[in-house]
Amino acid sequence: MSETRILNRAALGELIAALTAAGQRVLAPVEDDGRVEFREVTDADRLALDYVQTVTSAKAVVFPRFERMLRFAMRGKDVTVEEVPPASPPTVLLGAHPCDAASFATLRAVFTWDSGDAYCEPKLAALTVVGLSCARGDDFCFCTSVGGGPADARGCDILLSALDEKTYRAEILTERGRALVDLAPGAFQPGAGAKPRPVAAILPRFAAAELTEKLPELFGDASVWRQQSLRCLGCGSCAYVCPTCTCFDIQDERSRYDAMRVRTWDACGFGHFTLHASGHNPRGKQSERWRQRVMHKFAYQPARLQVLGCVGCGRCSRSCPVDMNLGEHLERLAATAAGSE
Amino acid sequence: MDTLQTFASAKLAAGEVKIVIGYQAGSDATRARPAFVSDTAEAASLIYDDRCRQNLAVYLLKPEVRAAGRAAVVCGPATLRTLLQYAAENRIAADAVVAIAVDADGTVTELADLEAVETHVARQPRGLTPEQQAEIDRIDALPLGERWQWWSRELGRCFKCYACRAACPLCYCSRCITDVNQPQWIPVAADPLGNLEWNVVRAMHLAGRCVDCGSCAEACPQGIRIDLLNRVLAREAVVDFGVAAGVSRRKDYALASFKPDDKEEFIR
Ligand code: SF4
Ligand code: SF4
Ligand code: SF4
Ligand code: SF4
């Protein structure tokens with residue numbers, strides 16, 4: 001059994017202040033212009049912990065939307081190349097829901113695979129996740145279909161669960177979680193409290209493992225993918241709000257005399273995704289790129305990295321301009337794969 | 001009275017069109033989704049209500065949709081304007097599409113060609129909603145420094161997902177300037193400079209072409225009011241060049257045409 005403490009809502013300010021004083025950058029859900037997003041906080045004033053889900057995910061903490069990697073300059077015949085060292089400030093992600101906590105396992109699997117990623121790895125190593133069980137969800141949440149759940153502790157260093165309006169139970173799950181408690185001992189009280197409040201009821205809609213097994217059979221069925229993706233506009237919204245999408249692009253920008261190498265997010269929705277220099281694109285059609293999105297997350301990543309590329313947060317579907325509902329599409333695919341359609 | 005569904009199913013049954021591009025109920029009570037109906041039975045699922053705000057004309061240029069054959073499109077006022085703008089920009093042929101016009105009062109009319117679309121559009125009221133006008137006036141009235149701050153904050157959220165571009169029927173360039181990297185016109189980073197350049201370049205490219213459907217801002221996951229930029233530029237295009245987009249199927253694009261009697265000295 002993990003160790004438990006009590007954290008009063010009233011002590012959140014003290015906790016954030018202590019962490020900040022200890023040199024930690026604290027990111028937490030706050031409300032801004034009517035939207036809840038993870039932002040850097042130095043006090044508890046703007047915390048919006050009763051949220052269902054933020055619009056964009058917290059992945060930018062370890063995989064920013066753009067990152068400078070190199071600078072180079074040419075003066076006459078002299079060329080200088082300067083590396084931009086990765087910035088990885090010690091960071092606490094406070095109040096992220098279990099799906100977001102789980103997403104770091106996918107990011108870790110991708111960015112530590114093979115040679116490891118010099119920019120992402122140190123940020124992952126500097127991150128502590130204080131999760132928060134979900135009191136409510138919405139129709140777009142499907143964590144329980146992809147191995148997660150509203151009180152799932154995987155990926156959390158500490159998991160907070162509401163005992164009542166004013167108190168959380170804090171489960172300390174890792175060494176890193178313990179170290180965080182040590183930075184702000186005054187904010188935590190001893191004890192486990194009574195039973196936590198019930199969490200959101202998210203009914204499973206399909207079995208991810210079965211889907212993973214059956215997807216390769218559907219790969220060649222062009223009509224399925226066309227039918228699902230005909231309305232897709234081919235933008236980057238679903239990939240950019242997603243906590244587990246990791247595709248990136250590297251570009252040199254400015255001029256040949258003064259340039260920077262920048263890494264930015266990429267998205268499989270875009271028409272020029274995987275476009276070759278020759279002009280050939282192995283995924284030239286939107287339906288092929290939609291298939292890639294589904295196969296990558298639910299077939300290739302589980303096969304290669306033993307982790308799903310989706311945590312069921314529902315962000316892609318909430319943000320899609322044409323109401324592409326991933327949970328619904330997956331449910332259909334699972335049913336098709338099972339031969340009941 | 002004919003309804004949207006009976007119209008759609010009649011067109012399909014008669015073989016006049018192969019596909020009807022319309023709206024279906026979406027994931028919840030606040031969402032509709034585009035639908036591509038090719039069989040008469042499915043026509044019953046078509047809807048038209050307040051949720052149906054997306055400009056469906058955007059699909060007329062998509063190769064996957066084009067491949068389905070001649071289309072009928074369910075059109076609110078802005079979608080009708082888009083058809084005219086498409087014709088003016090040589091994107092669609094005069095008889096390429098059947099417009100199923102739905103007016104504000106729910107009246108459904110079939111517009112078999114672009115001449116009929118033009119007549120129909122001319123009869124419809126056009127203009128900004130009080131909310132849009134008030135927001136533009138508010139920003140216009142801000143001192144320059146504050147206006148800059150407001151836009152910097154607004155555009156600061158942009159992460160270059162290009163949903164605005166994808167949803168916009170007039171953003172149809174096969175290779176967008178922002179995707180060109182030799183030379184690189186627009187900084188790729190979603191930082192203040194990159195975001196400003198992207199959004200301003202996009203707005204400029206739509207000046208005098210934007211049909212004011214609002215689909216760009218509706219699509220933006222970051223809730224950025226890019227529609228306001230386009231609306232102000234549409235206003236400026238009318239003031240400076242006397243042309244509004246989407247009124248005629250034969251019209252020169254203000255920023256790409258030349259008149260010997262132009263009022264500006266420098267260009268003559
Ligand atoms: S599924 Fe939606 S968000 Fe994703 S690329 Fe297509 S239109 Fe954009
Ligand atoms: S694919 Fe969609 S539901 Fe899955 S993790 Fe990404 S944003 Fe969330
Ligand atoms: S710029 Fe926006 S409002 Fe104008 S036509 Fe494009 S999507 Fe519609
Ligand atoms: S849709 Fe919004 S966030 Fe995406 S590129 Fe356009 S303005 Fe930026």
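Of the two parts of B:Gln184, only the side chain, counted from C-beta on, holds a non-hydrogen atom closer than 4.5 Å to a non-hydrogen atom of chain A. Neither the backbone nor the side chain of A:Asp249 comes within less than 4.5 Å of any heavy atom of chain B. Neither the backbone nor the side chain of A:Ser229 comes within contact range of chain B, judged by heavy atoms closer than 4.5 Å. When heavy atoms are compared at a cutoff of 4.5 Å, B:Ala35 does not approach chain A at all. The contact between A:Arg254 and chain B is made entirely by backbone atoms, counting heavy-atom distances below 4.5 Å. Heavy atoms closer than 4.5 Å to chain B are found in the side chain of A:Glu37, but not in its backbone. For B:Tyr162, the parts sitting under 4.5 Å from any heavy atom of chain A are the backbone and the side chain alike. In this structure, chain B has heavy atoms under 4.5 Å from both the backbone and the side chain of A:Arg231. Proximity to chain B (any heavy atom under 4.5 Å) is restricted, for A:Val55, to the side chain, taken from C-beta onward.
Taking every heavy atom of both residues into account, A:Glu328 and B:Ser27 meet most closely at OE1-OG, 4.4 Å. Contact record, A:Glu253 with B:Val188: OE1-N, 2.6 Å, taken as the closest heavy-atom pair. Minimum interatomic distance between A:Leu230 and B:Tyr59 (heavy atoms only, all atoms of both residues): O-CE2, 3.9 Å. What you find for B:Ala163 and A:Cys235 is that their closest heavy atoms are CA-CB, 3.5 Å. A pairwise comparison of heavy atoms in B:Pro221 and A:Val241 identifies CB-CG1, 4.3 Å as the closest pair. Taking every heavy atom of both residues into account, B:Ala189 and A:Arg68 meet most closely at CB-NH2, 4.5 Å.
No side-chain heavy atom of A:Asn325 sits less than 4.5 Å from a side-chain heavy atom of B:Arg31. Between A:Thr264 and B:Lys160, the closest side-chain pair of non-hydrogen atoms is not below 4.5 Å. You'll find the side chain of B:Asp179 stays beyond 4.5 Å of the side chain of A:Phe270, heavy atoms only.
With rounding to the nearest 0.5 Å, the separation of CD in B:Gln24 from CG in A:Asp323 is 10.5 Å. To the nearest 0.5 Å, the span separating OG on B:Ser215 from CG on A:Leu233 amounts to 9.0 Å.
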Apply the test side-chain contact (heavy atoms from CB on, under 4.5 Å) to residues A:Thr56 and B:Arg157: give CA-CA distance (whole Å), side-chain angles for both, the deciding distance (0.1 Å), then the verdict. CA-CA 10 Å; A:Thr56 54; B:Arg157 293 200 300 274; over 6 Å; no
Would B:Gln222 and A:Arg35 satisfy side-chain contact (heavy atoms from CB on, under 4.5 Å), going step by step from the backbone distance to the final call? CA-CA 9 Å; B:Gln222 299 281 25; A:Arg35 301 150 53 86; 2.9 Å; yes
Step by step, work out the side-chain contact (heavy atoms from CB on, under 4.5 Å) result for B:Glu64 and A:Arg226. CA-CA 8 Å; B:Glu64 292 88 344; A:Arg226 180 189 175 276; 5.6 Å; no
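Salt bridge status for B:Asp191 with A:Arg65: absent, with no side-chain N to carboxylate O gap under 4.0 Å. Ion pairing between a basic and an acidic side chain is recognised when a charged N comes within 4.0 Å of a carboxylate O; B:Arg153 and A:Asp32 show such pairing.
The aromatic rings of B:Phe159 and A:Tyr240 lie perpendicular to each other, with more than 60° between the two planes, well past the 30° mark.
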